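Since the structure comes first, as structure tokens, the remarks are kept for the end.
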Amino acid sequence: MTFRLYNTLTRTKEDFTPIDPKNVRMYVCGPTVYDFAHIGNARPVIVFDVLFRLLRHLYGAEHVKYVRNITDVDDKINARALRDFQKQIDEGSMSLNDAIGAVTEKTANQFFSDAEALGCLEPTFQPRATKHIFEMVEMINVLLQKDHAYLARGSEGREVLFSVDSMKGEYGKLSNRSLDEQRAGARIAVEAHKKNPADFVLWKESGSKEPGWQGEFQPKTNAGYEAELELSETNMRELNLNSKKVTVHGRPGWHIECSVMSKAHLGEVFDIHGGGLDLIFPHHENEIAQSRCAHGSDVMANVWMHNEFLQVEGHKMSKSLGNFVTIAELMRGWRGEPWSGAAIRFEMLGTHYQQPIDWSPDRLTVAKANVQMFAGNTQKRDFKFDSAFDKAWNHVAIPSAELISNLSDDLNTALAMNLIKQSISKISNLSDEERVALVHDVRFLGLVTLGQLPYLTGSFSLSQMAEVLVDNASINFRDWRVFKSNNDVQMSNEREKWFQSKLIQVVSPDKITFHGSDPTKGKIERLIEDRLVARHTKNWKESDRIRDELDAMGVAIKDNKDGTTTWEVKR
RNA sequence: GGCCUCGUGGCGGAGUGGUUACGCAGAGGAUUGCAAAUCCUUGCAUCCCAGUUCGAUUCUGGGCGAGGCCUCCA
């Protein structure tokens, strides 16, 4: 079987050959943790999770390393910290640094739980930029010594800049653009202190007049770093500097973070580097420039993969259009319905990663219907207690050869999902072998986990209903904690009301308890029993009245063929 | 200006050099006190032009139309 991947670097589909089959290495650009992840962010998370699963299958789980970073140093984070914690900072009850820590911690945690809800495996490493500052300074020094970088004074202070001219002929290969074309384009701001307008920042001085920066930070903390920068002879002459060392109190540029974190965990040259389409230029181009020049290598990674973008209902997703949807919001309820992580993943994998997706309730409905059909049918007694099914669930997922062959063709999840959708549509009529294959494939793709099954069927047992409520509660609880920590009294009160209405008790900042199960359960069961009695005596009036009453409680009932009545929370 | 993607039934949306998945909506039926749910059956489609080919929705070229990226962005 051949395993092929489209490589942005060569613009062709190539056979994939790892540098070392015992150590297959992949780096994917993770989130900048200034705001909750939206569905656009979810795409690379899901796509590269599938690739991770495939690599693990092909080379053995212990032979694959997957690094997805957390960018927790960025001007947007600082801005967010100032916005959210302005009051506390002004009052002196919180340092800007702590505020930044609160923002990144909160956002990163939400990202982790989002990724989990979307059925993603945890990457091997999830490094944070703030833990690698020293190595960044080190790499910048290497670049300075090799004359690939220079110190200059910009409008906002001193900067260490990467010199793209020092890499002429090689810079721009990934994005397929030459420096000459760049100059012709009108989009690049010409800044006098740059040797070439395309030169980008490696290190940026933090000005003392920027609120709260100067003196607020200690070397160990998350923002504002003292960097010792060695200057090359050339730079010294140009800047008329006498000393060989210059200290710049500042912060790293965006691109250097990934160069450093990938090197730290995967080495100077590795197999696969992934991310969103928009990162090709300038982010990945600049990563390549930094890493190759610092290490003197021909490539940074052999294969570069980029996922296409996602639109929302035909439009670019943006805050100004008001169609910005976070993952948590989708699961809580979007366009009138909550969408499970499984449905979101199902929908996402239905399109090849290099195709744009238009995100809409219609498409999600399809995915949801499929997931529910699968889950519902596998919940049926004759299916569930069937030994073949049992076996499939209780063993490690062994994907079918066809699934692997589809995925091996440049991660063709659309084709893989086609297989699954077809099997699901005739799930009741599948042979034992086909059923087992379906169960394995669905699990391999991370579409459904055993723990998720009860939530997907729509036919909740009583205890499962309680679980669902607690599950929804956990999302609200997360929000409540955020509002609480922001001292947003109005919003946290609103959440508390929600809990009260659902008979859920907030025990502590880490714990919630569901108390609503028993009374509700008893009432519903009693009403259903009463109604069954009424039906047996053909008292249709009373029977319908009870149905209305249950309906008002948000409970929908179904009279089954065998004379029993089941119920579910109305969706 | 540079780079790139897409155009399939009423709608959403896959795949394929030779009978066009799947879902929603529609139609018919089973079941039902009614309803809901469920199950079964079913009608409906490949933007236009040219080329390659025995054969094109699929490959190539052109046209028309839609959208994205190039600036922080996944």
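Computed from heavy atoms alone, side chains included, the values below leave out hydrogens, waters and symmetry copies. Being a predicted model, the structure only gives us computed values, none of them experimental. In what follows, chains are A, B, ... by sequence order, proteins preceding strands, each numbered from 1.
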Aromatic ring of A:Phe309 stacked on base six-ring of B:G68, 5.5 Å, 30°:
no
Would you mind reading off the distance between [X] atom [atom1] and [N] atom [atom2], rounded to a whole angstrom?
X	N	atom1	atom2	result
A:Ile420	B:G23	CD1	P	14 Å
A:Glu287	B:A74	CD	P	13 Å
A:Gln311	B:G68	CD	P	6 Å
A:Leu447	B:C22	CG	P	18 Å
A:His284	B:C69	NE2	P	17 Å
A:Ile357	B:A66	CD1	P	23 Å
A:Asp548	B:A35	CG	P	14 Å
A:Leu438	B:A21	CG	P	19 Å

In terms of side-chain heavy atoms of [X], which of [options] is nearest?
X	options	answer
A:His38	B:A74, B:C22, B:G33	B:A74
A:Arg535	B:G33, B:C69, B:C72	B:G33
A:Lys76	B:C22, B:C72, B:G15	B:C72
A:Trp540	B:G13, B:C69, B:G33	B:G33
A:Ala414	B:G15, B:G13, B:A21	B:G15
A:Arg531	B:C72, B:U5, B:G33	B:G33

Same-atom distance ([atom1]) from [N] to [M], integer angstrom:
N	M	atom1	answer
B:A36	B:A25	P	13 Å
B:C6	B:G15	C1'	16 Å
B:C59	B:G65	P	22 Å
B:U60	B:A21	C1'	27 Å
B:G29	B:G67	C1'	44 Å
B:G9	B:C48	P	11 Å
B:C44	B:U20	C1'	12 Å
B:G51	B:U58	C1'	15 Å

Return the nucleotide paired to [N]: Watson-Crick means purine N1 to pyrimidine N3 with N6-O4 or O6-N4, wobble means G-U with N1-O2 and O6-N3, both under 3.5 Å.
N	answer
B:G65	B:C6
B:G12	B:C22
B:U71	none
B:A50	B:U60
B:U38	B:A30

Within the structure shown, what part of the strands sits under 4.0 Å from [X] by heavy-atom distance: base, sugar-phosphate, or nothing?
X	value
A:His352	nothing
A:Thr351	sugar-phosphate
A:Asp74	nothing
A:Lys538	nothing
A:Gln355	sugar-phosphate
A:Leu310	base
A:Gly275	sugar-phosphate

Are A:Leu161 and A:Val201 packed together at the side-chain level, in the sense that at least one heavy-atom pair is separated by less than 4.5 angstrom?
yes
Looking only at heavy atoms, the pair that brings A:Leu118 and A:Ala42 closest together is CD1-CB, 3.8 Å
Exercise: identify the closest heavy-atom pair between A:Arg53 and A:Gly119:
NH2-O, 2.7 Å
With no angle test and no hydrogens, is the base of [N] tied to the side chain of [X] by a donor-acceptor pair under 3.5 Å?
X	N	result
A:Asp544	B:G33	yes
A:Ser425	B:G23	no
A:Arg547	B:A35	yes

Please check: side-chain N/O of A:Asp49 versus main-chain N/O of A:Leu121, any donor-acceptor pairing under 3.5 Å?
yes
Taking atom CG of A:Leu419 and atom CD1 of A:Ile424, what is their separation to the nearest 0.5 Å?
11.0 Å
Between A:Gln422 and A:Ala42, who's closer to the 5' end of RNA chain B by nearest nucleotide?
A:Gln422
For A:Gln290 and A:Asn286, test the side chains for any donor-to-acceptor distance below 3.5 angstrom and give the result as yes or no.
no
Taking 4.0 Å as the cut-off, does a side-chain nitrogen or oxygen of A:Asn418 come that near to OP1 or OP2 on B:A21?
no
Partner of A:Tyr353 by side chain to side chain donor-acceptor pair (under 3.5 Å), out of A:Asp410, A:Asn307, A:Asn412:
A:Asp410
Check this for me: A:Glu542, atom CD, are more than 12 non-hydrogen atoms of other residues, nucleotides or ligands nearer than 6.0 Å?
yes
